[in-house]
Amino acid sequence: VRLAHQGTNISALPLSALVPAKTSEVEKPKTKMIITSKRDYPLTKNFPYSLEHLQASYCKLARIDTRVLCLKKLRKLDLSHNHIKQLPATIGDLVFLQELNLHDNHLETFSSALCTSTLQKSLQCLDLSQNKIKALPIQFCQLRELVNLKLDDNELIRLPFKIGQLDHLRFLSAARNKLPFLPSDFRKLCLESLDLFGNPFEQPNPLVPNIQLKIPLTLLECAARATVNYRLPYGCHLLPSHLCEDLEVAKTCQCGGACLSSFIQITVTMNLHHVAHTVVLVDNMGGTEAPIVCYFCSLDCYSEFLDDTYLQGSCDY
């Protein structure tokens, strides 16, 4: 270009014919990396930014490497069989992440910040099995794209209150936890496979209710019920944040109405085949039934339930 600019005759320019590089000579961006020992874990080199699938197992990681959180193209992240105790909120910055495997770590909690991050729109498979988690946050059910959820071998004493909101969920396993019963919302699930083996489920007794009724209803309870039943808009710009949180976990009576802190609670038996096509036996006795919580907003609703149950039992007999 310089010679031509200086006026050199074009025919005299020393140009060579460019030969296209062969495919074998071009190094493609690396999209997958599998590391299965601490010895192979890169300490001085950065991970390729083009990675879409990263597995770093058996590396004795105590925390998630910040370099991993810079891999914005990641779709699958497998950090199983490590010593991770806490998850950074910045995992939520991995906007394309579809699969997250944290099997066999030392997790005790799952951050609510992750539940409200961009993972809401991308995360489809989550494996939290073999950790030390006792409960999942209220916001967990905002991970609406979840299809496969593994919670086996933890210390869970309850499942997420609004688990029925996970309408894409098809595979759920929560075997060998400490679940005494299932949440009321559980009956809304539509699963292909369900495994709840090895939980200490309590024997349900509809005739021994947990009565939390406040008569007459407080003004707060009346207002809360009306807000939910009439689907009135609310938010932190209108109400104190703690009231918004309470409304988010309003209980649903058998009549379809809402109740907040004034209710009657019982557990009844549910055949798990009502929510799942394939059910792993709940115990060694061949059972596929588990106790599920029911709520009633008034004595009238509870009495009506008992009457229906009694009549149905009489007809069956």
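Being a predicted model, the structure only gives us computed values, none of them experimental.
- Remark: side-chain polar atoms of Asp185 are paired, donor with acceptor, to backbone N or O of Gly164 under 3.5 angstrom.
- Cluster note: Val208 groups with no other residue, as no ILVMFWY side-chain heavy atom lies under 4.5 Å from it.
- In this structure, the side chains of Leu143 and Phe110 come closer than 4.5 Å at one or more pairs of heavy atoms.
- Taking the ring centroids of Phe201 and Phe181, they lie at or beyond the 6.0 Å cut-off.
- In this structure the side chain of Phe47 reaches within 4.5 angstrom of the side chain of Met33, judged on heavy atoms.
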In residues 247-264, what donor-acceptor pairs under 3.5 Å come from side-chain atoms, sequence neighbours left out?
unit_1 : atom_1 : unit_2 : atom_2 : d
Glu248 : OE2    : Tyr234 : OH     : 2.9
Lys251 : NZ     : Leu260 : O      : 3.1
Ser261 : OG     : Glu221 : OE1    : 3.3
Ser262 : OG     : Lys214 : N      : 2.9

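- Considering only heavy atoms from C-beta on, Leu126 comes within 4.5 Å of Leu128 through its side chain.
- For Asp40 against Ser37, the heavy-atom pair with the smallest separation is OD2-OG, 3.0 Å.
- Val279 is not connected to Phe197 by any chain of hydrophobic side-chain contacts under 4.5 Å among Ile, Leu, Val, Met, Phe, Trp and Tyr, and they are in different clusters.
- Between His81 and His103, the ring planes lie perpendicular to each other; the angle is over 60°, past the 30° to 60° tilted range.
- Heavy-atom minimum distance, His273 versus Thr288: CD2-OG1, 3.9 Å.
- Minimum heavy-atom separation, Leu166 to Leu189: O-CD2, 3.9 Å.
- A salt bridge links Arg67 with Asp65: the closest approach of a Lys/Arg side-chain nitrogen to an acidic carboxylate oxygen falls below 4.0 angstrom.
- Both Phe305 and Ile211 are part of a single hydrophobic cluster, where members link through side-chain heavy atoms under 4.5 Å apart.
- The shortest distance between side-chain heavy atoms of Leu61 and Asn105 does not fall below 4.5 Å.
- For the pair Phe140 and Leu114, the minimum side-chain heavy-atom distance is 4.5 Å or more.
- Between atom CG of residue Leu182 and atom CG of residue Leu196 there is a gap of 6.0 Å, rounded to the nearest 0.5 Å.
- Across Leu69 and Leu94, no two heavy atoms sit closer than the pair O-CD2, 3.7 Å.
- At distances below 3.5 Å, at least one donor-acceptor pair connects side-chain atoms of Asn154 with backbone N or O atoms of Asp152.
- The shortest side-chain heavy-atom distance between Leu151 and Ser173 does not fall under the 4.5 Å cut-off.
- Looking only at side-chain heavy atoms (C-beta outward), Asp104 and Asn131 stay at 4.5 Å or farther from each other.
- Inter-residue side-chain proximity for Ile91 and Ile64 is flagged as met; some heavy-atom pair is nearer than 4.5 Å.
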